[in-house]
Visitor: 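One structure coming up, written as structure tokens, with questions to follow.
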Amino acid sequence: MTRALALFSGGLDSILACRVVAAQGIAVQAVKFVTPFFGYELLAKEEQYARMVRESYGIEVVLRDVSEAYFAMLRNPPHGYGKNFNPCIDCKILLFREAKRLMEEFAASFLITGEVIGQRPMSQRRDTLRVIERDSGCEGILLRPLCAKTQEPTRAERDGLVDRELLLDFNGRGRQPQIQLAEQFGITDYPRPAGGCVLTEADQAKRIAWYYARYPEIRLNDIRLLLFGRHFQLPHGGWFVLGRDEAENARLEALHDPGDYLVHMPERPGPMGVLHGAVHPDDFAAAAGLVVRFGKKMAGASAPATVLFASGGEERFLVAEPLADALFQEWSL
Ligand code: SF4
């Protein structure tokens, strides 16, 4: 039986691409690549996710974490960044390369994606698609079932593994053909098109770019920390993260490094903080002032509070007043 490996985003186009090929009697295995920038939360519930995809769309999917390779690429993507910190062309090149490496493991004869020419501004233009194919080493083995008829036949078509006549000729941004095709497959409940990648979100992207400019070594936990909470660059170089609710406080506790300080008010409700890379006493004072500022107000709101800094076995206590907003605005990341 012929096997194909699909790059699966989870969006409608990738679902349809899998189904169009599977409808020809080809065994389709989908792979969804994840990094902290997209899809990472699925790793904690991979089985549940695979079951949902199987039951909803009739597709077998596995997850693959490509964070480390992605972090390295993101520092200097040869094709540059998009509007924010999104390296879309090199992102695709990297994911296609990874998929090509997996072909052997899944005994796949070719790759498929849900791309449609002209659908996205930068990364799905015809010339860009060619560059992505060439630079990922996927020339000839990458089939785009939804727009295959608008392109030269791939090897799988030429070799008769796939019937080109049963592939499609979608083109451009319209969604109607996809919606109709979904109906034909009986797929009514599918994810709406959404960003899904934090590298395209202005605020997050700015913060990630800040981190990349500042740290030569990119660490998974740091990247995960960057993507939630309030962040401050303190005046003497410390990086301070504050949780905004109980769930974020718990995540900060789980993600902090042994070398970081966990910061909170032991005698008053308030946020958890993580202080990273601080050595100057003024940064400790600033962090304490921020914790009190964002802590729950007690009767007599501005009373100073005791703040505990804990790292390994070490504990430090500071008494701090809430920091005035005007003081920390420009530290905000
Ligand atoms: S939006 Fe994000 S996941 Fe999508 S291609 Fe661009 S960088 Fe990659």
Visitor: According to the side-chain hydrogen bond (donor to acceptor under 3.5 Å, both in side chains) rule, which pairs have a member within residues 60-76, sequence neighbours left out?
Guide: R54-E60, R64-E105, D65-S67

Visitor: Applying the side chain to side chain donor-acceptor pair (under 3.5 Å) test to D222, which of Y211, W239, Y215 qualifies?
Guide: Y211

Visitor: Under a 3.5 Å distance rule, please check whether K149 uses its side chain to pair with a backbone N or O of L168 as donor and acceptor.
Guide: no

Visitor: Does a sphere of radius 6.0 Å around CD in E246 hold more than 12 heavy atoms from other residues, nucleotides or ligands, not counting ones at 6.0 Å or beyond?
Guide: no

Visitor: For the side chain of R207 and the backbone of L226, is there at least one donor-acceptor N/O pair under 3.5 Å apart?
Guide: yes

Visitor: Do other residues, nucleotides or ligands put more than 12 heavy atoms under 6.0 Å from E330 CD?
Guide: no

Visitor: Linking I/L/V/M/F/W/Y whenever any side-chain heavy atoms sit under 4.5 Å apart, do L161 and L142 land together?
Guide: yes

Visitor: Given side chains that start at C-beta, do those of R175 and D13 come closer than 4.5 Å, heavy atoms only?
Guide: yes

Visitor: If we only count heavy atoms from C-beta on, is the L290 to L242 side-chain gap below 4.5 Å?
Guide: yes

Visitor: Do L111 and C138 make a side-chain contact, defined as non-hydrogen atoms from C-beta onward lying under 4.5 Å apart?
Guide: yes

Visitor: Using the rule that two of Ile, Leu, Val, Met, Phe, Trp, Tyr join whenever any of their side-chain heavy atoms come within less than 4.5 Å, decide whether L323 and L308 are in one cluster.
Guide: no

Visitor: For a quick test of reading the model, state the closest non-hydrogen atom pair linking H264 to P271 and the distance between them.
Guide: CB-O, 3.9 Å

Visitor: Just wondering, do K45 and L42 contact through their side chains at under 4.5 Å, heavy atoms?
Guide: yes

Visitor: Check whether D163 reaches the backbone of E165 with its side chain - one donor and one acceptor, N or O, closer than 3.5 Å.
Guide: yes

Visitor: Report yes or no: do D90 and H79 form a side-chain donor-acceptor pair below 3.5 Å?
Guide: yes

Visitor: Give the cluster check for L166 versus I15: same hydrophobic cluster or not, with ILVMFWY residues linked at side-chain heavy-atom distances below 4.5 Å.
Guide: no

Visitor: Between E183 and T188, is any pair of side-chain heavy atoms under 4.5 Å apart?
Guide: no

Visitor: Would you tell me whether S311 and E314 have side-chain atoms, one donor and one acceptor, within less than 3.5 Å of each other?
Guide: no

Visitor: Answer yes or no for R224 and Y40: cation-pi contact, defined as NZ/CZ to six-membered ring centre under 6.0 Å and angle to ring axis within 45°.
Guide: no

Visitor: Going through the distances and angles, do R144 and E115 end up as a salt bridge (charged side-chain N to carboxylate O under 4.0 Å, His left out)?
Guide: CA-CA 6 Å; R144 300 182 174 95; E115 292 162 301; 2.7 Å; yes

Visitor: Verify the neighbour count for atom CD of E104: are there more than 12 heavy atoms of other residues, nucleotides or ligands below 6.0 Å?
Guide: no

Visitor: Would you check if the side chain of R214 reaches a backbone N or O of G237 as a donor-acceptor pair within less than 3.5 Å?
Guide: yes

Visitor: State whether the number of non-hydrogen atoms from other residues, nucleotides or ligands found under 6.0 Å of D203 atom CG is greater than 12.
Guide: no

Visitor: Can F85 and Y212 be said to form a ring pair (Phe, Tyr, Trp, His ring centres under 6.0 Å), step by step?
Guide: CA-CA 10 Å; F85 206 50; Y212 265 79; 5.6 Å; yes

Visitor: Check the pair V162 / L143 against side-chain contact (heavy atoms from CB on, under 4.5 Å), numbers first and verdict last.
Guide: CA-CA 10 Å; V162 180; L143 176 72; 4.1 Å; yes

Visitor: Spell out, as yes or no, whether a donor-acceptor pair under 3.5 Å connects the side chain of E98 to the backbone of L94.
Guide: no

Visitor: Between T113 and L7, is there a donor-acceptor pair closer than 3.5 Å when you use the side chain of the first and the backbone of the second?
Guide: no

Visitor: Please work out whether the ring planes of F328 and W331 are parallel, tilted or perpendicular, with thresholds of 30° and 60°.
Guide: tilted

Visitor: Do the side chains of D283 and P235 get nearer than 4.5 Å, heavy atoms only?
Guide: yes

Visitor: For a 4.5 angstrom cut-off between non-hydrogen side-chain atoms, does F294 reach R230?
Guide: yes

Visitor: Calculate, to the nearest 0.5 Å, the distance between atoms NZ and CD belonging to K83 and E201 respectively.
Guide: 11.5 Å

Visitor: List the steps, then state whether side-chain hydrogen bond (donor to acceptor under 3.5 Å, both in side chains) holds for T2 with S109.
Guide: CA-CA 7 Å; T2 304; S109 305; 5.5 Å; no

Visitor: With distance as the sole test, does R97 use its side chain to make a donor-acceptor pair with the main-chain N or O of D135 at under 3.5 Å?
Guide: yes

Visitor: For the pair Q329 (side chain) and A326 (backbone), establish whether a donor and an acceptor sit closer than 3.5 Å, ignoring hydrogens and angles.
Guide: no

Visitor: Can you run down the ring pair (Phe, Tyr, Trp, His ring centres under 6.0 Å) pairs that involve residues 303-327, sequence neighbours left out, and say none if there aren't any?
Guide: F284-F309

Visitor: Should D260 and H276 be marked as a side-chain hydrogen bond (donor to acceptor under 3.5 Å, both in side chains) after you check the CA-CA gap, both sets of side-chain angles, and the distance that decides it?
Guide: CA-CA 5 Å; D260 295 337; H276 186 82; 2.6 Å; yes

Visitor: Side-chain contact, heavy-atom cut-off 4.5 Å: D325 with R293?
Guide: yes

